Amino acid sequence: MKNTYNRRRFIKNTATVAVGSVLLNTVAAAQDNALLTVQQLPLPYSFGSLEPTIDTKTMEIHYTKHAAGYTKNLNAAIKQFNIKANNVEDILYNVSKYPDLVRNNVGGHFNHEFFWRCMTPSFAPLPEQLQKKIVDDFGGMENFKMTFEKAAKSVFGSGWAWLINEYSTQKLTIITTANQDNPMMDNQPIKGNPLLGIDVWEHAYYLKYQNVRADYISNWWKIIDWNFVNQNLTKSFTC
Ligand code: MN3
């Protein structure tokens, strides 16, 4: 009897913990009445492969401690508040309905999964489609970079700078969010689909750059995965 129960429970849990191969598909839709379970995807490169821009130790601690904590705490919060959601985006879009514990951890989970994929050890040129959109909306690459760097440097305390495709205008724009807030959250003044995001919490750079956040930001351009950014132009993170 006990075995049957455990086996059933195992099957039910397994059904909701499928990790897809599709980017950011870290969750499977909740089936029956089972609650959503989220997981960290494996890093698409090794901890040391973004050297010298980001040092090995920073990547290791960031991924295995900081980011892992958000994922773990998000799963606990989903249970605690009995959140019925099909996926992470569903929670982000409706985040104002939930306590700050959910807001902080759903943002922390999504933002980090997204951040790892903004970076690559393999250089790739800017895809034409993205280049055209940047020229259309910023007047050129230099202006885009300057605006993005300025925004990232301006974040007071902990937070993020983002390149987004604004929902209301369908134009690229740059915003910052505090703490683990995210551009898709319904409580943000400017909302949009994220294309690129940089973590400017001190834990993201302090071991190597100490107090010089500006150097971390200016070096970051060397490791951006422009194919990922380009792909996000047409990706909608809708539920
Ligand atoms: Mn972080």
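As the structure lists them, so they are numbered: ligands from 1, and atoms in each ligand from 1. Source: prediction; values computed, not measured.
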Margin query: So, applying ring pair (Phe, Tyr, Trp, His ring centres under 6.0 Å) with Trp160, which one of Phe114, Phe115, Phe110 is it?
Written below: Phe115

Next item on the list: Looking only at N, O or S atoms, find the one in His203 nearest to the Mn ion (ligand 1) and name it.
Entry: NE2

Check: Using the benzene-type ring in the case of Trp, are the ring centres of His62 and Trp201 under 6.0 Å apart?
Finding: no

Next item on the list: Answer yes if the ring centres of His112 and His66 are under 6.0 angstrom apart, and no otherwise.
Entry: no

Notebook entry, point to check: At the Mn ion (ligand 1), what angle lies between atom NE2 of His112 and atom OD2 of Asp199, rounded to 10 degrees?
Noted result: 100°

Next item on the list: Answer yes or no: is there an ion pair linking Asp181 with Arg103, defined by an N-O contact shorter than 4.0 Å?
Entry: yes

Checklist line | N/O/S from His66 sitting under 2.8 Å away from the Mn ion (ligand 1) | finding: no

